[in-house]
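For reference, positions follow the sequence shown, starting with 1. Values in this document were obtained by computation on a predicted structure and should not be read as measured data. Reckoned from all heavy atoms, side chains included, excluding hydrogens, waters and symmetry mates.
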Amino acid sequence: MSPEWPSTGLDVARLIGEGWRPVPFSEVVLKIHGRCNLACDYCYVYEGADQTWRSRPRAMAPDVIAKSAARLGEHVRKHALTDVSVVLHGGEPLLAGRTAIAAAVDRFRAALPASCDLEVTMQTNGVLLTDEMLAMLDDNDVGVAVSLDGDREGHDRHRRRADGRGSHADVMRGLNRLAASHRRLYRGLLCTVDLDNDPIRTYEALLGTRPPRIDFLLPHGTWSAPPPRRPADGQGTPYADWLVPIFDRWYHAPHKEAGVRLFEEILNLLLGGQSRSENIGLSPVAMVVVDTDGTLQQVDTLKAAYAGAPETGLTVFGNSFDDALTHPGVVARQIGVAALSQTCRTCAVRDICGGGAYAHRYREGEGYLNPSVYCPDLMALISHIGRTVQHDLTLATAAPGR
């Protein structure tokens, strides 16, 4: 396909000449295994436009892990970083096995100087969270986040095995083990929004294991391949309509039942804070992905856009992490307002929304210089949260004695 923005139109050399400098990577997503034991029908890796996983190794070889760790150590020392994170990802990372996972964690810890703290976490579907696996993760201090889409009916609608069997029962067995005997490792749940599921019923199902945090994810889609039931004319707010009742329940609860990342990020930005999420706000994204073959990639959700979308043309064997910092796709995630479309730049909620998730801005023939395909939903959700907060602030300032 012909080059699109930011591959064309973003002058990185000019930005550097004018004094802009990239933010060093503080997070490495390590694709330790490239296959999965589920066949979720919405998966951006296996069902998305980019099918390059087919030609890549099933699992990350020891030399790729070693070189990736060395590259991170090199990056940490060059930029005097004091804390970084490694996220074990896939595919399904637990398919790599206990021995390989433990060895990878050891390799990364050994590669970093004592002056830098390393947090290792994992994103898993939870099916393989056996007692033995959890004991190994506990021994190696690996935090665990699990994908769960609600109750059995809601979860099993999409998160099935290749033979069609649902995965909810197996996931809950692993999740209950994690939440009980290994609770210190429990980082939270990721839930993909499904408009066919009742929002409050879904939320209450997610609360069952008392997760420290819930992350609601919008299904990946673009202007060229819109998400389910996202109106093509840009009107309507079905995803905001689904999320607002959960926000109201969560916000007005006497005691917070769990952190909800999307809501917390929006509240933080509305009150003048900085974004800590790549999907909202304008803070620089400082993350690099290493695939099973050692290629350096941008955020892998770009696989939903087109074949080869996350690629940088770099590898851990031939390039440093610093080489990736000046790739146009990486730069676009770090320059804030300058990477937004004209529509977004003049929007009232620009600094809160930040254009939404980068992958969701893509339109074939134009690239990523567009509003999010979820623009109306983001506007409606942010506006509702803003009105709620403003109402409470007005009441607080009008209270007697103020």
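- At least one donor-acceptor pair closer than 3.5 Å links the side chain of E92 to the backbone N or O of L94.
- Nearest heavy atom pair, residue V316 against residue L296, reads CG1-CD2, 3.7 Å.
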List the steps, then state whether salt bridge (Lys or Arg N to Asp or Glu O under 4.0 Å) holds for E264 with R213. CA-CA 10 Å; E264 290 175 337; R213 173 153 294 149; 2.9 Å; yes
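- Residues passing the side-chain hydrogen bond (donor to acceptor under 3.5 Å, both in side chains) test with Q235: none are found, sequence neighbours excluded.
- For K303 and Y46, the positive end is not near the middle of the six-membered ring at less than 6.0 Å and at most 45° from its axis.
- Remark: the backbone N or O of G259 is not paired with any side-chain donor or acceptor of W250 at under 3.5 angstrom.
- Taking CE of M122 as the reference point, atom CG of L129 lies at 8.0 Å (rounded to 0.5 Å).
- With rounding to the nearest 0.5 angstrom, the CG atom of L134 is 10.5 Å from the CG atom of L128.
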Sequence neighbours left out, cut at 3.5 Å: what donor-acceptor pairs do the side chains of residues 336-344 make with other protein atoms?
{"unit_1": "S341", "atom_1": "OG", "unit_2": "C344", "atom_2": "N", "d": "3.2"}

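- Rounding to the nearest 0.5 Å gives a distance of 5.5 Å between CG of L30 and CD1 of I32.
- The side-chain hydrogen bond (donor to acceptor under 3.5 Å, both in side chains) search around R35 returns none, not counting sequence neighbours.
- Looking at N197, D196, D194, D149 one by one, the single match for side-chain hydrogen bond (donor to acceptor under 3.5 Å, both in side chains) with H158 turns out to be D194.
- Between atom CG of residue D215 and atom OG of residue S277 there is a gap of 7.0 Å, rounded to the nearest 0.5 Å.
- A side-chain donor-acceptor contact under 3.5 Å links S275 to the backbone of I280.
- Within the structure, salt bridge (Lys or Arg N to Asp or Glu O under 4.0 Å) contacts touching residues 199-209 (residues at least two apart or in different chains) are D151-R201, E153-R201, E204-R249.
- In terms of the ring pair (Phe, Tyr, Trp, His ring centres under 6.0 Å) criterion, residue partners of Y239 (sequence neighbours excluded) are, by chain and number, Y374.
- None of D291, D300, T292 except one satisfies the side-chain hydrogen bond (donor to acceptor under 3.5 Å, both in side chains) rule with K31; the exception is D300.
- Side-chain rings of F263 and Y251 stay apart, their centers remaining 6.0 Å or farther from each other.
- Pairs engaging residues 165-197 under the ring pair (Phe, Tyr, Trp, His ring centres under 6.0 Å) rule: H155-H168 [sequence neighbours left out].
- Aromatic ring orientation, Y203 versus F216: tilted (interplanar angle from 30° to 60°).
- Side-chain N or O atoms of E4 include one that pairs as donor or acceptor with a backbone N or O of G365 at under 3.5 Å.
- For residues 313-345, the pairs satisfying ring pair (Phe, Tyr, Trp, His ring centres under 6.0 Å) are H75-F321, with sequence neighbours left out.
- Judged by distance alone, with hydrogens and angles left aside, the side-chain atoms of T397 form a donor-acceptor pair with the main-chain N or O of T394 at under 3.5 Å.
- Checked by atom type and distance alone, the side chain of T121 never pairs as donor or acceptor with a backbone atom of G143 at under 3.5 Å.
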Criterion side chain to side chain contact (heavy atoms under 4.5 Å, CB included) on L190 and L217, from CA distance to verdict: CA-CA 7 Å; L190 272 70; L217 305 176; 3.7 Å; yes
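- S224 places a side-chain N or O within 3.5 Å of a backbone atom of E364 that can act as its donor or acceptor partner.
- Across all their heavy atoms, Y368 and A359 have their closest contact at CE2-CA, 4.3 Å.
- Taking 4.0 Å as the cut-off between side-chain N and carboxylate O, R56 and E311 count as a salt-bridged pair.
- Residue pairs meeting the side-chain hydrogen bond (donor to acceptor under 3.5 Å, both in side chains) criterion with at least one member in residues 57-72, sequence neighbours excluded: R71-E74.
- Applying the ring pair (Phe, Tyr, Trp, His ring centres under 6.0 Å) criterion to H384, with sequence neighbours excluded, gives F247.
- Judged as a side-chain hydrogen bond (donor to acceptor under 3.5 Å, both in side chains), not a single pair has a partner in residues 97-110 (not counting sequence neighbours).
- With respect to the salt-bridge test (charged N to carboxylate O, under 4.0 angstrom), the residues R161 and D170 qualify.
- Here CZ of R387 is found 11.5 Å from CG of L270. Values are rounded to the nearest 0.5 Å.
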Apply salt bridge (Lys or Arg N to Asp or Glu O under 4.0 Å) to residues R230 and D377 and explain how you reach the verdict. CA-CA 9 Å; R230 175 60 255 159; D377 294 288; 2.2 Å; yes
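- In this structure, Q297 contributes its side chain and V288 its backbone to no donor-acceptor pair below 3.5 Å.
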Let me see the working for T52 and D50 under side-chain hydrogen bond (donor to acceptor under 3.5 Å, both in side chains), right down to the final yes or no. CA-CA 6 Å; T52 53; D50 188 310; 2.5 Å; yes
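- Remark: W223 engages no residue in a ring pair (Phe, Tyr, Trp, His ring centres under 6.0 Å) (not counting sequence neighbours).
- A salt bridge links D138 and R184; the closest N-O separation between the charged side-chain nitrogens and carboxylate oxygens is under 4.0 Å.
- Screening residues 83-125 for ring pair (Phe, Tyr, Trp, His ring centres under 6.0 Å), with sequence neighbours left out, gives no hits.
- Residues I352 and L269 come closest through the heavy atom pair O-CD1, 3.4 Å.
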